[in-house]
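Notes for the one structure printed next.
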Amino acid sequence: MVDPATTPLGKMLLDEITPVMMVLRTPLVEESCLKNGLSLLQMLTPFSNFNNIDVPVRTSSDQPYRLQKFKLRLFYESDIRQPNLKVAKERLKQVITQAGDKDLSELCSDPPQLSNVVSSSESENLPSWFQFFNKELIHTVSFSDHETFDHPVACLLVVSSTDEQPINRFVDLFNTNKLPSLLNDGAMDPNILKLCLLVHDNQDGSSENAAKILTEMRSTFGSNECHLLCINSSQDGQDNPWDPYQPDTSPSQHLGCFLNIDDFNEMKDLMQELSSKHIIPYMEQKIRVLNQQVSATRKGFRNQIKNLWWRKGKEDTFDSPTGSMYTFSSIESQIRILGDYAFMLRDYELALTNYRLISTDYKLDKAWKRYAGVQEMMGLTYFMLDQSRKEAEYCMENAFSTYLKTGSSGQQNATRCGLWWVEMLKARDQCKEAATVYFRICGEEPLYSAVMLEQASYCYLLSKPPMLHKYGFHLILSGDRYKKCHQIKHAIRTYRSATSVYRGTTWGHIKDHIHFHIGQWYAFLGMYDVAVAHMLEVLACSNESKTTQEVFLRDFLEIVQKTGKTFEVLKLQLPVINISSLKVIFEDHRTYASPSAASVKESLWYSLEEDITPLLSTTRSNWLELQSKVIPKKYKESNICVAGEAVKVDIEFKNPLQIPISISSVALICELSAKSDEIESDNADSNSSTSELRNDVKSQKLTSTKDGSSDVSSFTLSEIDILIGGGETIMVQLMVTPKVEGILNIVGVRWKLSGSVVGLYKFEFHLVKKKIARGRRKANYSPDNDLKFIVIKSLPKLEGIIHSLPERAYTGHLRQLVLELRNQSEFPVKNLKMKISQPRFLSVGMHDELDTKFPTCLEKRTNSQLSGADGNCNRMPQAVFLFPEDISIHGETPLSWPLWLHAAVPGNISLYITIYYEMGDTSSIIKYRTLRMHYNLQVLPSLNVSFQISPCPSRLKHFLVHLDVMNQTISESFQIHRLSTVGHQWEISLLQPFDTIFPLQFLYAGQALSCFFMLKNCGEESISSDKISSPSPILGNDASLQGSSDTLFDISGSPLADFHHCERLQQRVSPQDDPNAVDFILISRSPKSDTVSGISDPQYIYSHHACHCSTSGTGPITWLIDGPRTMHHNFSASFCEIDLRMTVYNSSDAAVFIRVNTYDSPSSNGQSSDATTLLTAVPTVNQSGWNEVPVLNDIKVTSQVLGIQVGKSSLSLESVSPFIWSGSSTTSVQLGPMSTAEIPMKVCIFSPGAYNLSNYALNWNLVAVNSDGNENATRQSSGTGHGYPYHLTVLQSS
């Protein structure tokens, strides 16, 4: 550790605990001194501090030491008293107020950065007035009766040479009743050293009279105690070093104007002589005398026992906080004087010994204030000796606590003790502990607490490592107390220092608290500009309560109104700009019919348009390479926009507060440079271009008003007003419409908050999302070009809308729409093409369909009408639709074209339509443009339609169709109109009248319907897969479900044929189509009717398509056995032979090898005995279909031929079969594709009965021929079909 005397505490002790000399003077002395603007004390004080007095000192030991630094404190007799507490507080308040006024200039500067604060030294961080305030605070407890280092050591009597009877004046000065109360009350020894000083003013005459008086003085008072001082020797008022001591009360008076260098030297010599030859020797002598007395009465074992015995009787005395029973002559006071004198003369060992001795006495006497004072001095002595830090801190802690225990009388002493204790800890780098002591010093006085808390904060800053959060927190506590004491400037200073701590942190509440109060306090001082700057920091206080947010915003607006001007704030925090949401929408060769179309990804439009737009160049140059002479080089990678067409910017405004805010005059900030200027200055300095920043406002509509006024602005801006609710986020679309060619640059956005503050936000270009053309940017592309546009001359622009397109529809809904295209330009557009992303839902009609009312256009036509409409079926769905070449759109005449909507499947469907068109003006830079349209359609479930097809067992090429219809809606009803099959080969009919099956006209919500149809395959030709996918005309057959007179719809014409073709492609389950599959179209209507006529609205037509419904069952082979069902035969003559015929049909497109095996034994084919005589079979209850006919054993048939009774057979059925298949047991045949063959069969019946002739099996092998027609290289599939039930009844003939 460094020398304690060089530390701040050591220096403070050498200044504050030094000998005091009381000065008594006559009025004439003070009058002579005041000629220089100085009192006598002010004149002598600068010469009473010696840095190198070099005086030998010998106290209690025989070994002398030399005293180098010495200070003598001078006080008038009227000042040697305990200060008035109220006056002292007022003085301290004045010190603080003056310090705040001096730092006013710093309030306008920016607060320092935290890194600079941390790296600065203590002297740079601490306010300079802290040290002066601490000294003034220590002086409030001067001249206490329990301490002696403030008691005068000597008395200086000063008389002027012009006083009458100077000798008598010396005697009168000390005998006056104006002496300090400490002398009169017995607390101070009146027998102190007395020194006489005669002051001569050289302006009053020569010093001869003064010399005579001095001689008389020495003869009266002694030669060593009398001195002469001559002043005011200068006559011309020359410059001198007294200016730094100029008091505040006389700023215009020149200090020491009549004092010359001789006067200075004389005063210096006088004070040094008084100190070295009088004060110090007197104190040495006093110490030696007192030390001998104390040693004789208190030191030694005998004296200690005696003292303890004598004090034993005082244990029952009451506590005496001040210890007023001690006088200057008591042994306790003498020991205290001895210790204080030794401390002031730097004999710390002797001082510590006596402090320890007297400490016990005060503690036993319960004189707590005196005990605390001794403990305080012991701690300071330990510090100056640089010994036992623990003991020093213990003594200071003990003293501090004891002072507080004495009550209000010891509060000021506790404060002084705490200040010394703090300096002791700081000298030992214990800043954290020092801050704790500062916090303990804070009493009930808020102003003192503010200063102490601020000093504590700097202790946390100076600790190792710095405790920044505690530093900032204590600064805020200090500022809060400053505000309560109306010290606004100090409150601002502490809060400003705290802002550096919390800048960049997430401590939102404390940051809002700091900036809000700083703003209020600046406004209180009238510094509105700075107040607004701080209030801006708390506008976006999303973490605060709703009430707090209202207060913040209200006070902010009030401060702004007081300024009387409009503030423009860059990056105003209210509302919050979501820069990541920024999206720029502009139209070059791509135009958009709606905002939703502009929000679609560019890749989707690119994939849709690649078939209709000209191929872009594959080189690295952009598509405007041919126009390189028109566009400056530095804008080759810029975007293109068209004069007269708006560039739109979408950006989100978010209100972070819980209260609504009003935003007005929201507009873009743009610059537009003329085209000629840009080309001429392409290689020149960029500052030479003429740009303008305009805020011309236009109504936010798609069409601007043309009033013919002389509007010479280069562009117009949209301006909107919005009200954003609490926590609400609003997407705002702003527009700028350039009027002339040139370079357009979108700089940012501006708005006005509550009509008072203008917010400005400059866009950061690298964060901007925009609709860009396909292709890769060059390597040297600059992100600054994202919001920079080349404005070219006006072009024709196609506008489109689809009329009657619903937002919601039910599945199967078929509707006619109208596409309307307009071109407002006088230049025409031509060569129109259109492509639709979802041809399954949207199809292009023919122009003549607009002349036919819906649904008349869907009805079946006559043969002459059909022949003219065949071309309508030859269009490929999903292909590019070419408008007639003679169509040209311009002016006020729109183009209308029919479209068809079919809600194929339920779900949320997005429809994308792009229309390509070319410019009629060949001089345009852009040769073609595209119109992009986007619509969303919600399709809800309506009818759930399912089909089940099974072969008819009684007819060849006939099938039973089971139709199930379920209404899946909640409240809608449907009328089933017609079921149609697609293709010439199919015929369909109802098995029974529909009214019998379903008497209700409508299928209501939640109801189901089941009915059966007979499906007949009338054709022999096959339909290959390539034919299925071809756009050939689709013909079919209908089955009316509402009567024969109902309207028939043409499924072979547009749009039903187009949509059915799309459904076949969508419902295709395998690349190879099944030639035996059948397609169904179910037509239904909605029962919405006219309330007057009751006629159904024909607009609601629904078509449901079921494609690729297979009729093959388990295989491609179907067969039928044909023959008699009942016969009579005379079994007495012979057995019965019956001829049967099996017809086999191959429905596949490949040859089939067929083998028919018959089985005589009931179990020879591995099946159950179904081929035996049905002797015991009983029909199952509720069983539908074919039933076996039982033959009762008790029925008796009489044969007329044999005359025998036919009854129970005498042979066992297990050994004799009642019938056998005759002829070949195995028959093979090869059947060609889609062909029929007949196989003869014969059966022999041996007895009458009912028989099921199903004991046969049909094995087939399917051979697919390869492309070369070679049947050896085949891929075979095979199967086995078991015999169908064939019931034959044979009766005995009569």
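The chain is numbered in sequence order, starting from 1.
Glu332 has no carboxylate O lying under 4.0 Å from a charged side-chain N of Arg370, or vice versa, which leaves the two without a salt bridge.
Across all their heavy atoms, Gly373 and His146 have their closest contact at CA-CD2, 4.3 Å. In this structure, Gly10 and Met384 approach most closely via the heavy-atom pair CA-SD, 4.1 Å. Nearest heavy atom pair, residue Met12 against residue Ile138, reads SD-CD1, 3.6 Å. Smallest separation of non-hydrogen atoms from Ser233 and Asp263: OG-OD1, 2.6 Å. Among all heavy-atom pairs drawn from Glu376 and Cys417, the shortest one is OE2-CA, 3.5 Å. Residues Met217 and Cys226 come closest through the heavy atom pair O-SG, 3.4 Å.
Under a cut-off of 6.0 angstrom, the local environment of NZ in Lys71 is crowded, with over 12 non-hydrogen atoms contributed by other residues, nucleotides or ligands. In the displayed structure, Lys194 atom NZ is contacted under 6.0 Å by more than 12 heavy atoms of other residues, nucleotides or ligands. Crowding of Glu273 atom CD: a count of heavy atoms from other residues, nucleotides or ligands under 6.0 Å exceeding 12. With a 6.0 Å radius and a threshold of 12 heavy atoms from other residues, nucleotides or ligands, Gln165 has its CD atom at or below the threshold.
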- Give the C-alpha distance, both sets of side-chain angles, the deciding distance and a yes or no for salt bridge (charged side-chain N to carboxylate O under 4.0 Å, His left out) between Arg416 and Glu16. CA-CA 12 Å; Arg416 183 194 64 183; Glu16 299 300 328; over 6 Å; no

- Pair His151-Asp189, side chain to side chain contact (heavy atoms under 4.5 Å, CB included): steps then yes or no: CA-CA 9 Å; His151 295 182; Asp189 188 0; over 6 Å; no

- Item | Full working for salt bridge (charged side-chain N to carboxylate O under 4.0 Å, His left out) between Arg493 and Glu454 | CA-CA 10 Å; Arg493 180 177 52 79; Glu454 185 178 2; 2.2 Å; yes

- Trace of the side chain to side chain contact (heavy atoms under 4.5 Å, CB included) decision for Val20 with Met22: CA-CA 7 Å; Val20 173; Met22 181 175 59; 5.8 Å; no

- Message: side chain to side chain contact (heavy atoms under 4.5 Å, CB included), that's the test. Do Trp421 and Ile441 meet it? Break it down for me.
- Response: CA-CA 11 Å; Trp421 188 8; Ile441 295 175; over 6 Å; no

- Report the C-alpha separation of Val55 and Phe70 in whole Å, then their side-chain angles, then the decisive distance to 0.1 Å, and conclude whether the side chain to side chain contact (heavy atoms under 4.5 Å, CB included) test is met. CA-CA 9 Å; Val55 175; Phe70 185 76; over 6 Å; no

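Looking only at side-chain heavy atoms (C-beta outward), Ile280 and Met283 stay at 4.5 Å or farther from each other. Residues Phe47 and Leu270 form no side-chain contact, since every pair of their non-hydrogen atoms from C-beta on lies 4.5 Å or further apart. Within the 4.5 Å cutoff, no side-chain heavy atoms of Ser160 are placed close to those of Asp201.
Asp163 and Thr26 share a donor-acceptor pair across their side chains, judged by distance under 3.5 Å alone. If you check the side chains of Gln455 and Asn134, you find a donor sitting under 3.5 Å from an acceptor. Checked by atom type, the side-chain pair Thr97/Gln487 shows a donor-acceptor distance below 3.5 Å.
Tyr355 and Phe343 have tilted rings, their planes meeting at an angle from 30° to 60° on a 0 to 90° scale. Classified by interplanar angle (parallel below 30°, tilted 30° to 60°, perpendicular above 60°), the ring pair Tyr482/His490 is parallel.
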